[in-house]
Amino acid sequence: MRNLWILTRFLLKSGPGKSNQKSGKKKAFSDGGRIVVYLLLGVCLLPVSVLLFLLGYSGYTFLQPLGLETLLIEFVCAIGMMVIFFYGLPLFLSEYYMDSDLVKLLPLPFTPAQIVGAKGFCCLLNEYYLIVLLFFPFMLGYGISAKMGIFYWINMILACLIFPVVPLVYAAVLTMLVMRLFKNIRNKDFLSYLGFAASLIFAIGINVFSRSIGNFEMQDIMNLMESQKGTLRAFRTIFPNLPLMTGSLADASFLKMILYIATTAVILAVFFALAWKIYLPAVLGMSETTSEKRILSKEEVTRTVKSKNPVRTYAMIEWKKLYRTPAWFMNCVLMPLIWPVFMLGIALISIISSLGMAKTTGLWTRLVADGTIFRLLKGELPVAVAVLTAAGIAVMMSMFCVISATAMSRKGSEYIYMKCIPMSYHDQIRAMLVSGILISLLGTLPYSLVFNMIAVVFGLHPATLLYTTAITVLFTLFVNYEQLLFDLAFPKLNWENETAAIKSNNRSLISVLIDLTVGAILIGAGYLLYGKLQLNIHITTSVMILLTAVLTFAMRTALFKWGVQVMEHLESV
């Protein structure tokens, strides 16, 4: 048991991609970055926590006279177990199969069960923030409303600690069986895409659930539970210790809690006994990537070795590395293209949910039919709103597109080849900028162009299209110049896997915060000139464009002057 806890502590402290991390201030800074991430997640899930607290508090009051309060606990626990199960699938893929630490752990004096157990405990501890934010608020509201005694609160704490174990065991067994039986998916590229898709579905599901529960009335919840009694019976079969847990909470029975702990311990012991036999053959047969060998034709060889512009060739190499490395492609390329669409979809769903499809369509039809929309888009105010919105989109995109912010860090130990190739540092910097600028423009320009072209059709001033395009392009260039300069000055070249070069790189976070600050100052200046000083919108916009152009030119000059000097003196980080 002592070795199990030692190994668990080591895995928690090192984590994926951090085994080579230096000690001291850099390590403390990285730990602080993880704390900030968890705090941000907590803030994002706080509204859901409040809704679940109110569900537990009001649910007992409404259902207790009907004798359905126990059914409410069981219903919420069943949903919670499914959330833990689906969230645990990508978590186990990452912890058990994506990490490359197994070859380092096997020679150490740890038994196979201890290695599996330590990785499992790491996954379990990662689940507790969901328990604290989602399961605990409901049980807290329920206990306060029911005026429960001391045994309920003891059982509630024990239930929160043990609740994720069984669904995580099921998730682990399913993951190991799939990886053991289907050999064709044992490559890290496929698993990276699969984990990203699962995380995206989970995030969308949490958002839809939080919006749905906010519109529920108690009668709707009671009707839902009545219609899903068959599903609950199936859950009791799948999770045999679920009735013991719900009974220990509803009846404040300490005996049922002891039985619940005992059954969970038995399930956990069986998992430890069988997991290693399933896990080892699959993980040792994994490959970093999947590739097919083939003989190139004469035309393909001629085309491949054809002389091209060196900047273009270098930029193509950078781009191929981006889309052929799943961790980089998903975090650097897909994020700036998917998340704006995702947020726009949430906004549209919220409008349709609050008004209804018929009312939303009818409102739009009336706005166009009676000419109201044409009158609303006349004057200077709509132009100001469009300009500030385009600037806001460009600013927000700097949060998602970190291609330039990690361009140097992604090279890792291969940065030494930059000194060997017959190409000037000035041209190498130009080539590193290409992918970041193009993806950033793909993520920003379509919104400003489409929205403003539609607006121009309905009477918005035609100059708006020119204003929004100029601000978007200039700020995008500024962001990429600044991010690459910051990454050249403070690169993170020591990382164990590709994911760590992006997600464990706190320098890119600082660079993004700089861009957000500059963008906020730019938008604030526009608001001050137009809203407070009452300047003409065309004068205000010209000042904003001129200010952005000056900042962009200054940052470009700094990049190609100081960036080259940094690359000349860069030897080891």
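Along the sequence shown, residues carry numbers from 1. Predicted model only: the values in this text are computed from it and were never measured. Computed over heavy atoms, backbone and side chain alike; hydrogens, waters and symmetry mates excluded.
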Where D487 and S404 come nearest, the two heavy atoms and their spacing: CB-O, 4.1 Å
S511: side chain to side chain donor-acceptor pair (under 3.5 Å) partners, not counting sequence neighbours: E482
Any donor-acceptor pair under 3.5 Å from T540 side chain to G526 backbone: no
I429 side chain reached by L488 side chain, heavy atoms, under 4.5 Å: yes
Interatomic distance, L533 atom CG to L528 atom CG [nearest 0.5 angstrom]: 4.5 Å
All pairs passing salt bridge (charged side-chain N to carboxylate O under 4.0 Å, His left out) where residues 426-450 contributes a residue, at least two apart: D427-R430
Test side-chain contact (heavy atoms from CB on, under 4.5 Å) applied to Y128 - qualifying residues, sequence neighbours left out: L124, L125, I131, L161, P164
Rounded distance [0.5 Å steps], OG1 in T557 versus OH in Y481: 9.5 Å
S542 OG to N536 CG distance, which is reported to the nearest 0.5 Å: 8.5 Å
Note, L477 side chain near M555 side chain (heavy atom, < 4.5 Å): no
ring-ring contact (aromatic ring centres under 6.0 Å, His included) against F486, all qualifying residues, sequence neighbours excluded: F490
Closest non-hydrogen atom pair between Q483 and V402, with its separation: OE1-CA, 4.3 Å
Closest contact, heavy atoms only, T444 versus I393: CG2-O, 4.3 Å
Approximate separation, where rounding is to 0.5 Å, of L485 CG and N480 CG: 12.5 Å
Heavy-atom pair of closest approach, residues T468 and A386: CG2-O, 3.7 Å
Side-chain heavy atoms of K411 within contact of E318, under 4.5 Å: yes
Evaluation steps, side-chain contact (heavy atoms from CB on, under 4.5 Å), between D515 and V395: CA-CA 7 Å; D515 297 329; V395 171; over 6 Å; no
Within-4.5 Å side-chain heavy-atom neighbours: S440 and V479: no
Residue list, side chain to side chain donor-acceptor pair (under 3.5 Å) with H538, at least two apart or on another chain: Y467
I439 side, atom CD1; T476 side, atom OG1 - distance, nearest 0.5 Å: 12.0 Å
side-chain contact (heavy atoms from CB on, under 4.5 Å) against K321, all qualifying residues, sequence neighbours excluded: I317, W328, E414
Minimal non-hydrogen separation, A431 against V311, with atom names: CB-O, 3.6 Å
By side-chain contact (heavy atoms from CB on, under 4.5 Å) - contacts of L438 (at least two apart): V434
May I have the list of side-chain donor-acceptor pairs in residues 545-552 shorter than 3.5 Å, sequence neighbours left out?
{"from": "T548", "atom 1": "OG1", "to": "M544", "atom 2": "O", "distance (Å)": "2.7"}
{"from": "T552", "atom 1": "OG1", "to": "L474", "atom 2": "O", "distance (Å)": "3.0"}
{"from": "T552", "atom 1": "OG1", "to": "T548", "atom 2": "O", "distance (Å)": "2.7"}

L433 side chain near L559 side chain, heavy-atom distance below 4.5 Å: yes
Qualifying residues under ring-ring contact (aromatic ring centres under 6.0 Å, His included), relative to F135, sequence neighbours excluded: F163
Side chain to side chain donor-acceptor pair (under 3.5 Å) partners of E127, counting only residues at least two apart: none
Inter- and intrachain pairs under salt bridge (charged side-chain N to carboxylate O under 4.0 Å, His left out), touching residues 538-558, at least two apart: none
By side-chain contact (heavy atoms from CB on, under 4.5 Å) - contacts of L381 (at least two apart): V385, Y530
Minimum heavy-atom distance between G436 and C401, given as atom pair plus value: O-SG, 4.1 Å
